[in-house]
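Worksheet: the structure to be examined is printed underneath.
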Amino acid sequence: MYLLRCIECGSEFDSDFIYQCSKCNGLLDVVYDYSEIKLNFDGNNLSVWKYKDALPVKIKPVSLREGGTPLYKIEKIESGVKNLFVKHEGLNPSGSFKDRGMTVGVTKAVELKMRTVICASTGNTSASMAMYAAKAGLRAVVILPSGKVALGKLAQALMHGAKVIAVKDNFDKALEIVKSLAMRKSLYLLNSINPFRLEGQKTIAYEIYDELGFVPDAIFVPVGNAGNISAIYKGFKELVEMGYTDEVPRMIGVQAKGANPIYKAFVKGSREIEPVKNPETIATAIRIGAPVNAKKALRAIYESKGAVIEVGDEEIVEAQKMLAAKEGIGVEPASAASLAGALKFEEELESAVCIATGNLLKDPDEVIRVCGKPIEVEADVDVIEKLL
Ligand SMILES: *Cc1c(COP(=O)(O)O)cnc(C)c1O
Ligand SMILES: [Zn+2]
């Protein structure tokens, strides 16, 4: 069994129907009686639902076989990390780690007998939610910042049958609207303030431990709304609480320079962020100025003796190209921020994992911008031979 507990005032709630603390508006965590949970870390058949005893659902999951993503050892890219790995979350069903959260969140929506799910999104949340809503037979409504969503993500939300509404403002405003709508109508909110969604995402930590058999020194995570870094840290902390290990990794958040409120808070040693008004970066998935999970993320970062690194768009693109051309790992720009951060990290590490959050195919326009178009020629062997 589980409860929801406020991270600010510690109030506990036995109802599934809340997103934030009704006393102080704080974020909620799902907490369990860990002595009742037994997980199997035999290194085989990794998936989100392999760890279902540590997930807060009571019915048969709405699943498209998420998780079980490959953990690649980096072989050619040089860094200060002796054993550097990349976990390719872009190989989930909809092409991002959001599927881990959505399989749990949409299952919860079904359990609560909700008919419509809603989210604000920079793209991947909407793609994933639309896909799982389709599988579950629920209506999906997504609110996007107009003109700021990568083409692949938009295509997914549309084709999987969501009602897609583009607002003439940024992501932060879209989320504000979605929160108000969810209060007014009976719509189930699936952004990352939903504590059940984050429970699915914590399985990234379980899988890393399951596959490696040890806890790495550090995890590098691209940070936008800051839910994922919080979820992964929770997963590692639970491994300690359940007695599987006694260490947690250092959680290293990576932000883009133009969308860096958590970085700025970290530099000041603060636990509060000041929102960035007009966030801007090529990495649209982390183009967020007022991350809703900032408090959870900063808690994870300070508690684990982690850090926050900021990287410029040129460093992100460089890391994206290196991953693709040297290691065969195709990711979207936000995902490459984790490697860009690892390359910039000044301390030496024995082992670390970079989370590659989303697939290369998500943002084809960016690829053409940074790689250029293919060379066009006449269909003539001699002409082409000269080019080679
Ligand atoms: C959602 C997303 C992120 C950011 O994750 P948060 O939990 O919002 O910090 C990073 N990269 C990709 C590809 C994403 O889809
Ligand atoms: Zn509270």
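Every number for a ligand or one of its atoms is a count from 1 in the order of the listing. Scope of the values below: all heavy atoms of this structure, side chains included, with no hydrogens, waters or symmetry mates.
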With a cut-off of 6.0 Å (strictly less than), are more than 12 heavy atoms of other residues, nucleotides or ligands near NZ of K135? no
Less than 3.5 Å between some nitrogen or oxygen of G224 and one of ligand 1, yes or no? yes
May I ask you to list the atoms of ligand 1 that are less than 4.0 angstrom from any heavy atom of A334? 11 (N)
Could you tell me whether S335 and ligand 1 have an N or O pair separated by under 3.5 Å? no
Take atom CE of M183 as the centre, draw a 6.0 Å sphere, and report whether it contains more than 12 heavy atoms from other residues, nucleotides or ligands. no
Could an N or O of ligand 1 be found under 3.5 Å from any N or O of N124, whether backbone or side chain? yes
Does I177 belong to the same Ile/Leu/Val/Met/Phe/Trp/Tyr cluster as V149, with side-chain heavy atoms less than 4.5 Å apart forming each link? yes
Quick check for you: to the nearest 0.5 Å, what is the distance between L361 atom CG and L151 atom CG? 11.5 Å
Show which atoms of ligand 1 fall inside a sub-4.0 Å distance from at least one heavy-atom site of V223. 9 (O)
When you compare ligand 1 with I229, is there at least one nitrogen or oxygen pair between them that comes in under 3.5 angstrom? no
Test your reading of the structure: does N225 have an N or O sitting under 3.5 Å from an N or O of ligand 1? yes
Working to 10°, measure the angle at the Zn ion (ligand 2) formed by atom SG of C24 and atom SG of C9. 120°
Classify the angle between the aromatic ring planes of Y244 and Y209 as parallel (below 30°), tilted (30 to 60°) or perpendicular (above 60°). tilted
Pairs of nitrogen or oxygen atoms closer than 3.5 Å, one from K98 and one from ligand 1: do any exist? yes
State the atoms of ligand 1, each with its element, that fall below the 4.0 Å cut-off from a heavy-atom position in G227. 6 (P), 7 (O), 9 (O)
Just wondering, are more than 12 heavy atoms of other shown residues or ligands nearer than 6.0 Å to CD1 in I375? no
When you compare the side chains of Y233 and E303, does any donor N or O come within less than 3.5 Å of an acceptor on the partner? yes
Hey, can you tell me if Y19 and Y188 have their rings parallel, tilted or perpendicular (30° and 60° cut-offs)? tilted
Below 3.5 angstrom, do we get any N/O pair linking N228 and ligand 1? yes
Quick check on S192 - does any of its heavy atoms sit under 4.0 Å from an atom of ligand 1? no
Identify, by atom number and element, the atoms of ligand 1 in contact range of G358, meaning under 4.0 Å from any of its heavy atoms. 13 (C)
Cut-off 3.5 Å, side chains only: do Y51 and E238 have a donor facing an acceptor? no
